[in-house]
Amino acid sequence: MVVVGLVGNPNVGKSVIFNNLTGAHQKVGNWPGVTVEKKEGECTHKGTKIKIVDLPGIYSLTANSIDELIARDFIIEEKPDVVVDIVDSTNLERNLYLVLQLLELGAKVVVALNMMDLAEYNGIKIDINELERRLGIRIIPTVATKKIGMKALCDAILEVARHDKEESKFAYPKDLENAFSEIAVTVKEAPELRKYNPRWLSIKLLEEDREIIEKIRKTKDAERIFKTVERVKEKLSSRYDDLIIAIADARYEFISKILKGVMVKPRKKELTLTDMLDEVFTHKYLGIPIFLVFMWTVFQFTFTVAAPFSDAIDLAFAISADFVRSTITPAWVASLIADGIISGLGFVLVFVPNIFFLFLALAILEDSGYMSRAAFIMDKLMYKLGLHGKSFIPMIMGFGCNVPAIMATRTIESEKDRLVTILVNPLMSCSARFPVYVLFGSIFFSYYVVPVIYSIYLLGIVLAILMALLFRRILATGKPSPFVMEMPPYLIPSAKSLVIHMWERGSMFLKKAGTFIVSGLLLIWVLSNIPWGADIGDTLIGALGHAIQPIFAPFGWDWRIAVALFFGFIAKEIVVGSLGILYNTGEDVTSLKAPIENAMTPLSAYALMAFVLIYTPCIATVGAIKQETGSWKWTVIAIAYELLLAYVIAFLIIAIGTFLGFG
Amino acid sequence: MKVEQIPKVVEATDNQKEARIPLSFCREGDVCTILGFEQRVGRRFIQKLTSMGLVPGVEILVVRNNFPGPLIVEVKSTRIVLGHGMANRILVSSKR
């Protein structure tokens, strides 16, 4: 078997190539110790099994973020047989920077020169044979979206895997090379470092790579190595102001030398689609209104397009529950299946179309390249909150689901910025909370349901802003960290990758529905039927509800609501589902109308919606916060502040509402 | 006429070599050459900027400058967003 690591800059079509090569044979897991997704796949080419590991999109092998560290560690520790670097052929200069670093590392590299069609369209001509010769590696032209070049890529992988690595043809200026050798001599003497390429370690030491410095600090020879590094730096200081820049400079210089005569670019740049769209979408004054229109469209799309699908699912569950009730005996089994499982699950699955369409809409925004523009136009606002534009993307994703949103914060370099973004993310109302708003909104505010639900979303955003300011104060972070981010060219997203994106995130919801939610609902059913046949208020769940109800008494919520909120801690989907069980209405959502209408006032319903917005979204989010912050302290703080804030806000709504005469 | 204009252009370029201004002061449509980073720029960010192609000596086009907000620059045919704070610390020479 040949093991291949797939690397490349962000936005080069890496995942498309990964999908092309591996098809359905994929395994998604996590990298050990971190929550960054690890994707592995397999394919068989000419009788040889090829295992492909998709590494995170990176610009360099200097480990500045978790992504870079993972990609690098995989290459230096696990030593894959071949590293395939996917390169954007419209942007060779910058992309070759990573190729050079891979060569420095001593990896066996195959380059996939992707997006060749786009390069041709832009009038860029590349002499691939000459480029192969000058770099001393195999280079395969590909068009991932049209599956062109995949076979040739596999051929090259097998061929390179069989042969020994050729010496890299890339050399730094003499004085730098001498410096590397001088450090390499001392590095070589340390037995702990024997498995690494000593020249590469020397380069990284001069580039002040934190991770490598830490690694060396742990060896017995640390003092001697650092002394040598200092001596070498001292010697070079007369020629170079800054070694990081000098080394980067040398790489870019080598790249431009290599590309001379190999790549021909049209002299006069034509106005591209990206230029034109950016003119409008990033406009100082038009940018934000356009963004708001897009967001409004996303929500409209999500809710109107999904409606007929939701109705169909609702109907299907109602019919099957009826069928079970009328055919299965004994009665308690029928009730368990019909009321406990089918109805409960039905309440949850009704929202699957909404959730999938929301993820589809978000995937379109992301894949088309618009999301990074949104980050640009919102940067000024985010700056006032002490964050920057990059924090904005996880916030938007939070409307879909807080779990992937919290994971998406890992592109934020500054730990403190990241922590603030994670802590306030649950206030972005995820799609699981939406059913609660719809249920109570349509019962109590029939005609005004849309503005009422909108106000809940806005409340979440306002609270997120206030909490972000508060957390910044607590963490005393001062100014936001520097903001640098690539803006990919606009692309018409491919249907396949949209579906994959939508499915990857949407299926998390299905998984949640299948595990947490069903078991939560079953538990509620069981508790609500012991003792069997008793009035629901006298069952175990009734006892639980009556025990915790006093906490919520000021808000005018009865014990059923208390139970629903209690189990809603597991997942917000359970709130609606459990109300179905508790009011024992079965069938569908509309049958909940009468009993709930009698149970509370519009004001206390609004307070309930706000409470559901604010308190801990679900167990999965708590898990994501724990994993991403790596700290129980901050996880507990997140849960505590959300519960407290939810209570305070619900209380304020009741108090102010009563004062204004809405009670 | 054309012949007369040439020295003027050369002179202008010479003058601008002297001018070191923060990138955030450039106007949209300006083509600038990066001269260096201010001392306050962290080491990690220099590593980040250089890996994205922002090295001294490179020519960049200012696509957008929402002063005092972020900028969009084009470098080596890629568009990059730079926060205002970051752009304040990148020193460039600018020609129009």
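Proteins come first, then strands; the chains are lettered A, B, ... in the order of their sequence lines, and each starts at number 1.
Between chain B and the residues Arg94(A), Glu68(A), Glu93(A), the most heavy-atom pairs under 4.5 angstrom are made by Arg94(A). Of the listed residues (Ile46(B), Leu82(B), Thr78(B)), the greatest number of heavy-atom pairs within a distance under 4.5 Å of chain A belongs to Thr78(B). When each of Ile80(B), Val81(B), Leu71(B) is scored by its heavy-atom pairs under 4.5 Å with chain A, the top score falls to Val81(B).
For the 3.5 Å distance criterion, the side chains of Lys265(A) and Ser77(B) qualify, holding a donor opposite an acceptor.
Here the CD1-CZ distance, from Ile244(A) to Phe37(B), works out to 10.0 Å after rounding to the nearest 0.5 Å. Interatomic distance, His84(B) NE2 to Tyr383(A) OH, rounded to the nearest 0.5 Å: 7.0 Å.
With a threshold of 4.5 angstrom between heavy atoms, Ile72(B) approaches chain A through its backbone and through its side chain. When heavy atoms are compared at a cutoff of 4.5 Å, Glu279(A) approaches chain B by way of both its backbone and its side chain. With a 4.5 angstrom heavy-atom cutoff, Thr62(A) touches chain B only via side-chain atoms. Interface remark: Thr274(A) contributes backbone and side-chain atoms alike to the contact with chain B (heavy atom separation under 4.5 Å). Residue Arg44(B) touches chain A through both its backbone and its side chain, counting heavy-atom pairs closer than 4.5 Å. Heavy atoms of Arg210(A) lying under 4.5 Å from chain B belong exclusively to its side chain.
Environment of NZ in Lys125(A): sparse, with no more than 12 heavy atoms of neighbouring residues, nucleotides or ligands closer than 6.0 Å. Enclosure of atom CD in Glu28(B) by more than 12 non-hydrogen atoms of other residues, nucleotides or ligands within 6.0 angstrom is indicated.
The two residues Ile245(A) and Pro56(B) come nearest to each other via the heavy atoms CG2-CD, 3.4 Å. Nearest approach of Gly83(B) to Asp379(A), heavy atoms of both residues: CA-OD2, 4.4 Å. The two atoms that bring Asn66(B) and Thr282(A) nearest to each other are ND2-O, 4.0 Å, heavy atoms only. In terms of heavy-atom proximity, Tyr59(A) sits nearest to Ser51(B) at CB-OG, 3.5 Å. Arg64(B) and His283(A) make their closest contact through NH2-CA, 3.6 Å (heavy atoms, listed as atom of the first residue, atom of the second, distance). Taking each heavy atom of Pro68(B) and Lys380(A) in turn, the nearest pair found is CD-NZ, 4.1 Å.
Taking a cutoff of 4.0 Å between a charged side-chain nitrogen and a carboxylate oxygen, Arg43(B) and Asp209(A) do not qualify as a salt bridge. Look at Arg79(B) and Asp278(A) and you find a salt bridge, because one of the NZ, NE, NH1 or NH2 atoms lies within 4.0 Å of a carboxylate O, short of that distance.
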Derivation and outcome, side-chain contact (heavy atoms from CB on, under 4.5 Å), residues Asp275(A) and Glu74(B): CA-CA 11 Å; Asp275(A) 296 331; Glu74(B) 196 168 296; 4.2 Å; yes
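The backbone N or O of Ser60(A) lies less than 3.5 Å from no partner atom in the side chain of Gln47(B), so there is not a single donor-acceptor pair.
Remark: Lys76(B) is positioned above the aromatic ring of Tyr252(A), its terminal NZ or CZ atom under 6.0 angstrom from the ring centre and at most 45 degrees off the axis.
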